[in-house]
Amino acid sequence: MKKNQMEILFVLGFISGVVLPNLLWKTELEESGLPGLYLLTRVSREMPANPEYLIYISKTRGAVCLLCMLCGLSVFGLIVSVVASVWMGFLMGAVLTVSLLEFGVEGMFLAGALFLPQYVAYVPASLALYRRSFKSSLCAWKGQRLTQTERRGYGIFCVWTAAVMAVGMVLESYVNPILLEMVIGRLHFFQGL
């Protein structure tokens, strides 16, 4: 896979995450109140304490990361890498769009606060992992075996990726809630909550 194809898949997922909520807004989403459900549960003042939140994030994000790493050693890495890249882009696009549709321009600040600072680590590390997993899986798809040097290089890369993802998880657990509190304190639609 060429160097920027995972990024293209991510952008296509992002665009679909922007377009789909716009198409469904007046029919399904607005009537059921689903758009604000994610945002309101995510930014509620009842967020778990940081250590418990870190454990929760480690389980959810770590599981996806580990799955992608392991699948990179088999033919399943092709599918997992493509789906994960598109899905990550879709979710980011959908959260941005839904927050804009639900809360207006101020909702964009809220959506930005939801992603910062952890996605500065997550996005590059994830896209690099998806690309590398795809490339390794392509060898398995062609019936080739990775050499000892290639396996070692893949292992070192996975450790590096896990370390960057761990930094993102710590940022999401300890820094992101502080940033969210600051943003929520300045947004008028949360003043009554």
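- The cluster map of Ile, Leu, Val, Met, Phe, Trp and Tyr, joined by side-chain heavy atoms under 4.5 Å apart, puts V175 and F109 in different clusters.
- For R131 and E7, the salt-bridge test passes: some basic side-chain N is under 4.0 Å from an acidic carboxylate O.
- Listed for the T97 side chain is no donor-acceptor partner under 3.5 Å among the backbone atoms of A94.
- Note that OG1 of T60 is 12.0 Å distant from CD1 of I55, once rounded to the nearest 0.5 Å.
- Checked against side chain to side chain contact (heavy atoms under 4.5 Å, CB included), I8 has the following partners two or more places apart in sequence or in another chain: N4, L12.
- Using a 4.5 Å heavy-atom threshold, the side chains of S126 and M165 count as touching.
- Ring geometry, Y119 versus Y122: the interplanar angle exceeds 60°, so the pair is classed perpendicular (tilted spans 30 to 60°).
- In this structure the side chain of M6 reaches within 4.5 angstrom of the side chain of L9, judged on heavy atoms.
- Both Y174 and I57 belong to a common hydrophobic cluster when Ile, Leu, Val, Met, Phe, Trp and Tyr are linked at side-chain heavy-atom distances under 4.5 angstrom.
- Rounding to the nearest 0.5 Å gives a distance of 11.5 Å between CD1 of I156 and OG1 of T161.
- A ring-ring contact (aromatic ring centres under 6.0 Å, His included) check over residues 59-82, counting only residues at least two apart or in different chains, returns nothing.
- With values rounded to the nearest 0.5 angstrom, S173 atom OG is found 9.0 Å from M169 atom CE.
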Stepwise, does the side chain to side chain contact (heavy atoms under 4.5 Å, CB included) test hold for L180 with L114?
CA-CA 7 Å; L180 278 173; L114 285 171; 3.9 Å; yes
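- The distance from the CZ atom of R61 to the CD atom of Q118 is 7.0 Å, given to the nearest 0.5 Å.
- Taken together through direct or relayed side-chain contacts under 4.5 Å among Ile, Leu, Val, Met, Phe, Trp and Tyr, L129 and L66 form parts of separate hydrophobic clusters.
- For V19, the side chain to side chain contact (heavy atoms under 4.5 Å, CB included) partners at least two apart in sequence or on another chain are I15, L23.
- At least one donor-acceptor pair under 3.5 Å links the side chain of Y154 to the backbone N or O of M69.
- Between L138 and L78, some side-chain heavy-atom pair lies under the 4.5 Å cut-off.
- No continuous path of hydrophobic side-chain contacts links V64 to V82 [ILVMFWY only; heavy atoms under 4.5 Å].
- Within the 4.5 Å cutoff, no side-chain heavy atoms of V123 are placed close to those of F115.
- Across all their heavy atoms, N176 and A113 have their closest contact at ND2-O, 2.6 Å.
- Note: F134 CZ to Q5 CD = 7.5 Å, rounded to the nearest 0.5 Å.
- Looking at S74, its side chain does come within 3.5 Å of a backbone N or O of C71 through a donor-acceptor pair.
- Judged by distance alone, the side chain of S85 and the main-chain N or O of S81 form no donor-acceptor pair under 3.5 Å.
- Under the 4.5 Å side-chain contact rule for hydrophobic residues, L73 and V80 do not share a cluster.
- A donor-acceptor pair is defined here as one N or O able to donate and one able to accept, closer than 3.5 Å; no such pair exists between the side chain of S99 and the backbone of L110.
- Taking OG of S133 as the start and CD1 of I79 as the end, the distance is 11.0 Å to the nearest 0.5 Å.
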